Amino acid sequence: MDTKKEIDMDMVTGLMDESYSLAYVGYDENLNKKTAAIAKCLEAKNGDALLEDVEEWYFPQMEESVSDIMEGLKKDLADLGYKKWEAEKFFEENVEGIKEAIYSRDDSNPLKDLLGNTGKIPVRAELLSNYDCINSHRLESSGGYSYEESYFGDMVDALNLNPAKVKEVLTGRGEKTTGKFPDKCSRNGKEQVSYEQFYIELENSCCGANLLTYAATIDLQKLYEADFNLPGIIIPKGNACGLFSSMQGGGSLMEMELRDDVKLHLASGGYPRFRLRVEEDGKGYDYSIRQVYGVIDSFYGKPLDIINQPQIPQTV
């Protein structure tokens, strides 16, 4: 009488399918609200935090799938004539190896599926300067706007405005100025925004700790493919910019309209430079534009482009 071969790992793996889909992502599952993980990735300049979160979210589902597959394999052994206790005993003694073999056949990719389901994410780009920030119009105008050695001056340069014309606008409206405002005529006609809109933003700046801020959206798939490490970005023509304070929860009207596409440098060293931040709703000195102004996603305008070269020229 033939003796049945004892159950071994080769026998069990031979019963396994070539591949398994251990995780399933529904059409309505996405990363639109997972801004905390995306913000961590931008800060770290890699996608580890998002990958770790997705693995944590889908681990229970994958473990349940593995458990179901193992139960199916036990039934397959029973169909081959093995006793239930024989299969149970082998699986109990070799559970880690069996799980590893099943996981190695997993063809699901929940992160890829989530990225595909995710719409454009609202972001903002902020000007960082050696001179910290710009205060409210009331405070800045009381002592006089200064172009030299000030955040205001860095802001004028970032917007490619001619300082001499800025002074004309300010004094023409009865505002105080102090120090030199040189005539940089090479900027004439190349300004990012109009001088009229620039003054309206200043006049309506209601709090301190403001930064020059550009609004946009970003394709999360492209951001992930760039590993969250961006040397530069291009904010599209027509998008809005203005003054915003995430610390104090205020700013200006945020209604300056970009006349052309604008390149922004995101290098980690030196000033002035820009940083890109996800519009993450916070509290206690870390508010989003959405929280402060009550805007909807259409406010952020068109998606920005990622510059994939090592360096881009600074705005003159």
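What you are looking at is a predicted structure, and each value in this text was computed from that prediction instead of being measured. Below, each value reflects all heavy atoms present in this structure, side chains not excepted, and no hydrogens, waters or symmetry copies.
Remark: D48 pairs with N46, E52 by the side chain to side chain contact (heavy atoms under 4.5 Å, CB included) rule, at least two apart or across chains. Partners of A37 according to the side chain to side chain contact (heavy atoms under 4.5 Å, CB included) rule, which considers only residues two or more places apart in sequence or in another chain, are L50, D53.
In this structure, Y147 and F181 have tilted ring planes: the angle between them lies in the 30° to 60° band. Ring orientation note: the planes of F274 and Y214 are nearly perpendicular, at an angle over 60° on the 30°/60° scale.
Through direct or relayed side-chain contacts under 4.5 Å between Ile, Leu, Val, Met, Phe, Trp and Tyr, L253 connects to I200.
Taking all atoms of both residues into account, the shortest heavy-atom contact from I102 to M16 is CG1-CE, 3.8 Å.
Under 3.5 Å, the side chains of S21 and D107 contain a donor-acceptor pair of N or O atoms. Counted by atom type alone, E201 and Q197 present zero donor-acceptor pairs between their side chains at under 3.5 Å. H137 and Y199 share no side-chain donor-acceptor pair at under 3.5 Å.
At distances below 3.5 Å, not a single donor-acceptor pair connects side-chain atoms of D305 with backbone N or O atoms of I234. For N130 (side chain) and Y271 (main-chain N/O), no donor-acceptor pair under 3.5 Å exists by modelled atom type.
Between R187 and D157 there is a salt bridge, since at least one side-chain N of the basic residue sits less than 4.0 Å from a carboxylate O of the acidic one. At a threshold of 4.0 Å, the pair K89-E86 does not count as salt-bridged, since none of the basic side-chain nitrogens sits closer than that to a carboxylate oxygen. For R290 and D297, the salt-bridge test passes: some basic side-chain N is under 4.0 Å from an acidic carboxylate O.
For residues 166-182, the salt bridge (Lys or Arg N to Asp or Glu O under 4.0 Å) pairs, not counting sequence neighbours, are R173-E196. Pairs passing the side chain to side chain donor-acceptor pair (under 3.5 Å) check and including a residue from residues 114-125, sequence neighbours excluded, read R124-E126, R124-E279. Under the ring-ring contact (aromatic ring centres under 6.0 Å, His included) criterion, no residue pair touches residues 84-126, with sequence neighbours excluded.
Proximity of I218 to L276: side-chain heavy atoms (C-beta onward) are separated by under 4.5 Å at one or more points.
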